[in-house]
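Order of appearance sets the numbers: ligands from 1, and atoms from 1 within every ligand. On a predicted model such as this, the values are computed, not experimentally measured, just so you know.
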Amino acid sequence: MRGFQARADLAEALALLRARARPLPAESLPLAGAFARVLARDVVAPIDVPGFVRAAVDGYALRGEDSFGATVDAPLVLHVRGDSLPGRPYPAPLGPGEAVRIATGSPLPEGADAVLQAELAREVVRGGRRLVELLGSVPPLRHIGQVGEDMSRGQCVLAAGRRLRPQDVGALASLGLASVDVVRRPRVGLLVTGDELVAPGSAPGPHQIVDSNSLVLAGLAARDGAEFLAPLRARDGAGALRAGLDALLAGPGDVLLVTGATSVGPEDLMPQVLRERGALELHGLAVRPASPTGIGRAHDGRPVFLVPGNPVSCLCAYELVVGPLVRALAGLPDPWAFPHRSVELVLARKIASKVGRTDFVRVRRVGPDQVEPVATSGASNLSSAVLAGGFVLVDADSEGAAPGERVRVHLFDPP
Ligand SMILES: Nc1nc2c(c(=O)[nH]1)N[C@H]1C(S)=C(S)[C@@H](COP(=O)(O)OP(=O)(O)OC[C@H]3O[C@@H](n4cnc5c(N)ncnc54)[C@H](O)[C@@H]3O)O[C@H]1N2
Ligand code: MOO
């Protein structure tokens, strides 16, 4: 057994990943499947929306100047020529002294330049003629929407890198588009190792542990815009681990993860197996937890992460090094920053950390604006992350933080 001689800085690990991370190629998707996907290219409006001048209120389309001077006490009277309804415009031009009853969103007839709202109009029939009494006036251009007032032809409506929100997809539909180019989702493949493990959903027998890491990783990868492939499983021992890694490499994953067997115990053969099948570029990170993390490559260049088996270390390794790469491949904006919402809170108990090591400290709220580190016996207890509301990252050049200090807390809960 050989311990870790030297551990790489987190910054060094991220620089290694960053040097080769590019968003995956684009794919075209029907709009209905595009929600939450990342735009691969800018979207430039091919048309004006709306494509016609429209009424912004229900009322009467008219020439504004025909209403000048009208009041409740001295209404002016116009001749109502007909109606303009959504999709069914009034077909002829409007002359002086004429009006058309119009519904919100309907095309403004040619010759009209304003809409008097229904509240200031009273329609009457006299001698078989439709008339409207104007109880107030409206200046030209009032209560109408111009061509392209929503989105104008040639305008960049959404920029590449945007994670599409529901209203974004709606806007693409308004532009008459049927599909959109989005970044292909990174596929994340996982090999779970360990003789003691049983699949999630099973009750553990004597000395057995339920594989929780695959569920934690699946949730994190989905958060970061990835498609999580069905996990593969391998028993311990060089032969089984080799066969497991080969199956993982044969799969379609863009990012490949292996949990367990990455430390320096007698069964921790994964680093050696990865060296045989590609390269182990870095093994051992100056972070806590997740120090046995390894980063390497398959022969074809796909990234492979050796993620520690301890459940909190697994979560931490994902957040520190796997997640940024997944987000970069997914084309998400600012992929190297934590995606969590963060707040500044006051520390109620001290956080101790060693200079030269980055600490991922789970904290919980103990007051409206106070947090304390979750007391824990180590990274094997997932309940510490369940109890925690978020984490504080203590940089390698810091000795920690004293009670009363303000710290930035990255919250596990989405907004
Ligand atoms: N001499 C040293 N020993 C250890 C070191 C070290 O630096 N020197 N590092 C420790 C640290 S830190 C960690 S973390 C663990 C990591 O070990 P492995 O990645 O080799 O993981 P395993 O030994 O396979 O398992 C550790 C632990 O986690 C449980 N486990 C594994 N997979 C899962 C899973 N999918 N779901 C839930 N739990 C899992 C496993 O049963 C073990 O209890 O090494 C330390 N040792
Ligand atoms: O990564 Mo290990 O769990 O630090 O304890």
Checklist line | Close side-chain approach of Pro373 to Arg349, heavy-atom, < 4.5 Å | finding: yes
Check: Under 3.5 Å, N or O to N or O, is Arg7 touching ligand 1 that way?
Finding: yes
Check: Is Val192 touching ligand 1 with its side chain, its backbone, both, or neither, if touching means heavy atoms under 4.0 Å apart?
Finding: side chain
Notebook entry, point to check: Does a donor on one side chain and an acceptor on the other come within less than 3.5 Å for Asp58 and Thr104?
Noted result: yes
Note to self: I'd like to check the salt bridge (charged side-chain N to carboxylate O under 4.0 Å, His left out) partners of Arg20; sequence neighbours left out, ordered by chain and number.
What the structure shows: Glu281
Margin query: I'd like to check which ligand 1 atoms, numbered from 1 as shown, lie under 4.0 Å from a non-hydrogen atom of Ser313.
Written below: 14 (S)
Check: CG/Leu347 to CZ/Arg406 distance, rounded to the nearest 0.5 angstrom?
Finding: 11.5 Å
Notebook entry, point to check: Pro292 heavy atoms, cut-off 4.0 Å: which ligand 2 atoms fall inside?
Noted result: 1 (O)
Notebook entry, point to check: Relative to each other, are the rings of Phe412 and Phe391 parallel, tilted or perpendicular (30° and 60° limits)?
Noted result: tilted
Next item on the list: Just let me know how Asp268 lines up against ligand 1, side chain, backbone, both or neither, with a heavy-atom cut-off below 4.0 Å.
Entry: side chain
Note to self: Tell me whether Ala261 has any N or O atom under 3.5 angstrom from an N or O of ligand 1.
What the structure shows: yes
Next item on the list: Pick one of side chain, backbone, both or neither for how Thr262 approaches ligand 1, counting any non-hydrogen atom pair under 4.0 Å.
Entry: both
Next item on the list: Measure the distances from the heavy atoms of Val210 to every atom of ligand 1 and state whether one is below 4.0 angstrom.
Entry: yes
Check: Counting heavy atoms only, which part of Glu196 comes closer than 4.0 Å to ligand 1: side chain, backbone, both or neither?
Finding: side chain
Margin query: To the closest 0.5 Å, what do you measure between CG (Leu306) and OG (Ser263)?
Written below: 11.0 Å
Note to self: List ligand 1 atoms under 4.0 Å from Gly260, heavy atoms only on the residue side.
What the structure shows: 19 (O), 21 (O), 24 (O)
Next item on the list: Examine the proximity of ligand 1 to Asn310 and report which part, side chain or backbone, both or neither, has a heavy atom under 4.0 Å away.
Entry: both
Margin query: I need the atoms of ligand 2 closer than 4.0 Å to a non-hydrogen atom of Ser291, numbered in the order shown.
Written below: 1 (O)
Notebook entry, point to check: When you measure from atom 5 (O) of ligand 2 to every protein heavy atom, which one gives the shortest distance, and what is it?
Noted result: Ala379 CB, 3.5 Å
Notebook entry, point to check: So is Ser291 polar-close to ligand 1, meaning N/O to N/O under 3.5 Å?
Noted result: no
Item checked: Asp9, Leu285, Val287, Val394 screened by side chain to side chain contact (heavy atoms under 4.5 Å, CB included) with Thr358, the one that passes -> Val287
Next item on the list: Please write down residue, atom name and distance for the protein heavy atom closest to atom 1 (O) of ligand 2.
Entry: Ala290 N, 2.4 Å
Margin query: If you take the nearest heavy atom of each of Pro308, Gly309, Ala199, which one is closest to atom 31 (C) of ligand 1?
Written below: Gly309
Item checked: Spacing of Ile144 atom CD1 and Arg54 atom CZ [to the nearest 0.5 Å] -> 11.5 Å
Check: Side chains of Val115 and Val138: closer than 4.5 Å at any heavy-atom pair?
Finding: no
Margin query: With a 4.5 Å cut-off on side-chain heavy atoms, are Asp224 and Tyr318 touching?
Written below: yes
Note to self: Whether Asp113 and Arg63 form a salt bridge (side-chain N of Lys/Arg under 4.0 Å from carboxylate O of Asp/Glu) is what I want to check.
What the structure shows: no
Note to self: Pairs of nitrogen or oxygen atoms closer than 3.5 Å, one from Pro292 and one from ligand 1: do any exist?
What the structure shows: no
Item checked: Ser212-ligand 1 polar pair, N/O distance under 3.5 Å -> yes
Checklist line | Under 4.0 Å to a heavy atom of Pro289 - the qualifying atoms of ligand 2, by number | finding: 1 (O), 3 (O), 4 (O)
Margin query: I'd like to know if Asp48 and Arg153 make a salt bridge, using a cut-off of under 4.0 Å between side-chain N and carboxylate O.
Written below: no
Check: Going by atom types only, do Glu319 and His340 share a side-chain donor-acceptor pair under 3.5 Å?
Finding: yes
Note to self: Give me the residue, atom name and distance of the protein heavy atom closest to atom 2 (Mo) of ligand 2.
What the structure shows: Ser313 OG, 3.1 Å
Check: Using a heavy-atom cut-off of under 4.0 Å, does the side chain or the backbone of Leu197 touch ligand 1, or both, or neither?
Finding: side chain
Item checked: ligand 2 to Asn310 polar contact by distance, N or O atoms, under 3.5 Å -> yes
Notebook entry, point to check: Counting heavy atoms only, which of Ser214, Ser263, Cys316 is nearest atom 3 (N) of ligand 1?
Noted result: Ser263
Margin query: When you compare the side chain of Leu325 with that of Pro303, does any pair of heavy atoms fall below 4.5 Å?
Written below: yes
